[in-house]
Amino acid sequence: MPDLRRQIFESGKTVSRKAASREGSRTTSRAGSKQSSRQTSRNASRPPSDEEDSGFLSDDTAVSIGSLDDENPESDNVDWAQELGDRVQEILDRKRSSVQGREEALQAFCRLTKYHYAEEEIRASVGDLMTAFAKSVRHDSSTRETILALRALEYLVITSSDDKIFDNVEPIVSRTIRDSSSSAVKAAAIQCLGTCSIFGGAGEDGILDQMTFLLDIVASDGQSIDAADDPTSVTAALQVWGFLVTEIDDFESESEEAIQIFIDQLDSTDSGVQIAAGENIALLYEKSYTPQEDDEDTDSEESDDNDGHANDDPTGPKLLKRYNAYHNTPELERQLQSLATVHSKRISKRDKKSLHSNFASILTTVENPRRGPRYNTAIDQDTNRHYGNTLTVKIGNHGLMSIDRWWKWVRLSGLRRILQGGFAEHYFQGNRAVLQNLPVMMRPANTAQGSNDRQGARKAARMRNSRRLTAQHSDDED
């Protein structure tokens with residue numbers, strides 16, 4: 001695969017001076033960020049409302065116990081399929097529609113496909129809906145219609161998993177990222193581009209191309225898309241890039257360049273940018289270790305990487321170091337340690353708490369890439385090492401999901417940003433895109449919750465198995 005930095009800086013794209021000479025503009029970039037980030041940014045850890053464009057991170061910090069048991073406003077809507085059909089017809093009948101009417105129809109489509117897995121209900125209309133949503137994005141009649149159309153595209157692709165969607169919408173969505181005058185639209189389009197890349201048939205080459213595009217946004221502090229020092233766009237690019245890289249098996253040759261770009265963002269004045277960059281760094285360090293193959297013969301000293309660390313999960317496969325994720329890990333560890341203990345008065349109490357918790361966990365992984373995300377991370381005073389419990393997330397009332405690897409956390413976060421409060425519904429109703437991209441074992445929740453929860457868990461399991469069998473038979477017939 002070609003060199004990432006060369007792709008970014010020698011491509012035919014319009015590239016800012018910052019992208020061409022990062023060091024020369026660092027001071028100007030940081031100064032601009034101080035003025036803009038306080039007004040335009042939102043702590044990436046705060047749970048969003050349905051009207052917001054960015055997504056989920058649980059509770060107060062990105063790596064803490066989180067619940068996905070959001071209240072479902074559609075739980076009593078027994079006529080949702082009929083309502084969805086009516087709304088689909090409204091969306092397709094564009095000639096007799098107004099901007100306000102399209103906004104209402106798009107909002108209803110997003111609500112219904114968020115809280116219901118509607119693959120059967122929209123199967124016959126996927127192509128027409130894709131065309132209608134793309135028209136709303138291209139015409140950009142109002143900011144609200146454009147954002148809702150981008151979200152509707154995401155729900156369409158994650159529900160249908162149609163591999164023709166990416167090729168049809170990528171040019172329009174990419175142009176929106178570059179040309180829109182709204183930072184909210186740019187961020188929504190970046191999120192939509194990532195969703196369509198993963199679930200809409202981009203393939204590995206297409207995903208790598210979009211990762212290069214997103215790195216250009218990050219490396220230039222948004223200047224490459226005329227969003228100079230806009231933390232909303234940069235955070236979205238960082239988060240989507242992390243989601244995309246989980247689809248790439250071999251990232252050895254690009255790891256060094258990507259981590260250097262993310263390290264530069266650790267100096268941002270926006271905590272959301274810093275945390276997203278830090279998570280990508282932890283993810284790339286984790287990717288430098290892979291399970292030992294059956295025919296590999298390594299001694300215990302090599303498998304422990306000479307640092308005395310055992311595998312995080314003694315029952316799991318032995319993880320071996322394959323390459324150096326970055327050339328100067330000690331210096332990176334010092335920077336992460338500084339963020340894990342930052343006490344500047346210029347940082348809000350909430351942001352400070354989020355930085356401490358997140359970067360303590362990120363540092364733990366950089367020190368030992370066999371260790372995944374942690375919560376309640378603390379420092380052992382004798383060894384000066386960070387420790388904590390493995391992150392677990394409650395899914396509805398039916399079980400707990402163990403997030404013991406960064407790729408699982410990044411994918412869970414990405415799926416939750418897309419589906420928001422409807423994640424649990426899609427998970428338990430057997431959405432193939434969700435199940436195939438988050439292969440995490442479930443275990444029963446607290447048995448003290450009673451037999452109703454156990455019955456709910458059994459019902460959810462039967463539903464998932466039924467969906468899986470149906471999907472498997474469908475694939476075999478194809």
Side-chain angles (χ1 to χ4, degrees), residues 1-37 40-41 53-54 137 140 146 150 166 169-197 202 205-245 254 256-270 272-274 276-277 280-281:
M1 285 181 276
D3 178 77
L4 286 176
R5 185 63 59 87
R6 186 171 61 190
Q7 278 190 357
I8 292 172
F9 298 131
E10 296 182 7
S11 67
K13 301 174 185 175
T14 301
V15 180
S16 65
R17 285 197 200 93
K18 171 65 185 295
S21 179
R22 188 177 58 256
E23 294 297 328
S25 61
R26 179 180 296 170
T27 303
T28 303
S29 168
R30 304 300 173 240
S33 296
K34 290 178 182 179
Q35 296 177 359
S36 63
S37 63
T40 60
S41 67
D53 301 305
S54 55
V137 175
D140 194 20
T146 303
L150 289 165
F166 175 79
V169 305
E170 184 275 329
I172 297 170
V173 176
S174 294
R175 185 167 61 246
T176 300
I177 295 172
R178 293 188 179 95
D179 297 344
S180 177
S181 59
S182 166
S183 61
V185 169
K186 286 180 183 292
I190 289 170
Q191 172 70 38
C192 181
L193 180 65
T195 304
C196 292
S197 297
D205 289 343
I207 288 175
L208 286 169
D209 287 343
Q210 301 315 313
M211 288 170 61
T212 299
F213 175 47
L214 295 170
L215 268 186
D216 191 2
I217 297 173
V218 176
S220 66
D221 283 345
Q223 291 187 38
S224 65
I225 57 169
D226 293 327
D229 293 318
D230 171 29
T232 304
S233 297
V234 174
T235 300
L238 285 163
Q239 291 173 337
V240 172
W241 189 96
F243 198 177
L244 293 179
V245 80
E254 295 88 352
E256 173 81 21
E257 304 293 342
I259 288 178
Q260 182 58 63
I261 291 173
F262 301 144
I263 287 175
D264 291 341
Q265 293 302 322
L266 297 180
D267 292 331
S268 172
T269 57
D270 181 81
V273 171
Q274 292 173 300
N280 285 349
I281 290 171

Residue pair Q265, D221: steps toward the side-chain hydrogen bond (donor to acceptor under 3.5 Å, both in side chains) verdict | CA-CA 8 Å; Q265 293 302 322; D221 283 345; 2.7 Å; yes
What one should report as the nearest heavy-atom pair of A228 and Q223 is CB-CG, 3.6 Å
So do I281 and L266 actually touch side chain to side chain, heavy atoms under 4.5 Å?
-> yes
Just by distance, do the side chain of S220 and the backbone of S224 share a donor-acceptor pair under 3.5 Å?
-> yes
Between G272 and T235, what is the shortest heavy-atom contact and its length?
-> C-OG1, 3.8 Å
Identify the heavy atoms of S268 and D270 that sit nearest to each other, and give their distance.
-> OG-N, 3.0 Å
Between atom CD1 of I217 and atom CD1 of I177, what is the distance when rounded to the nearest 0.5 Å?
-> 5.5 Å
For residues L238 and A276, report the shortest heavy-atom separation together with the two atoms involved.
-> CB-CB, 3.7 Å
Nearest heavy atoms of S183 and T232, plus distance in Å = O-CG2, 4.4 Å
Under the ring pair (Phe, Tyr, Trp, His ring centres under 6.0 Å) test, residues paired with F262 that sit two or more places apart | W241
Within a strict 4.5 Å, meaning less than it, do heavy atoms of the F243 and T195 side chains meet?
-> no
Here the gap from N280 atom CG to I259 atom CD1, rounded to the nearest 0.5 Å, amounts to 9.5 Å
The side-chain hydrogen bond (donor to acceptor under 3.5 Å, both in side chains) partners of D140 (sequence neighbours excluded) come to T146
Residues in side-chain contact (heavy atoms from CB on, under 4.5 Å) contact with A227, at least two apart in sequence or another chain = K186, I225, D230, S233
For the pair R178 and D226, evaluate side chain to side chain contact (heavy atoms under 4.5 Å, CB included) and give the outcome as yes or no after the intermediate values.
-> CA-CA 7 Å; R178 293 188 179 95; D226 293 327; over 6 Å; no
Picking from L215, V240, L193, V173, what satisfies side-chain contact (heavy atoms from CB on, under 4.5 Å) with Q210?
-> L193
Mind checking side-chain contact (heavy atoms from CB on, under 4.5 Å) for A236 and listing every partner two or more places apart, or none if nothing turns up?
-> A187, I190
In Å and rounded to the nearest 0.5 Å, what is the CD to CG distance from Q239 to L244?
-> 12.0 Å
L150 and Q191: side chain to side chain contact (heavy atoms under 4.5 Å, CB included), yes or no, with the steps?
-> CA-CA 9 Å; L150 289 165; Q191 172 70 38; over 6 Å; no
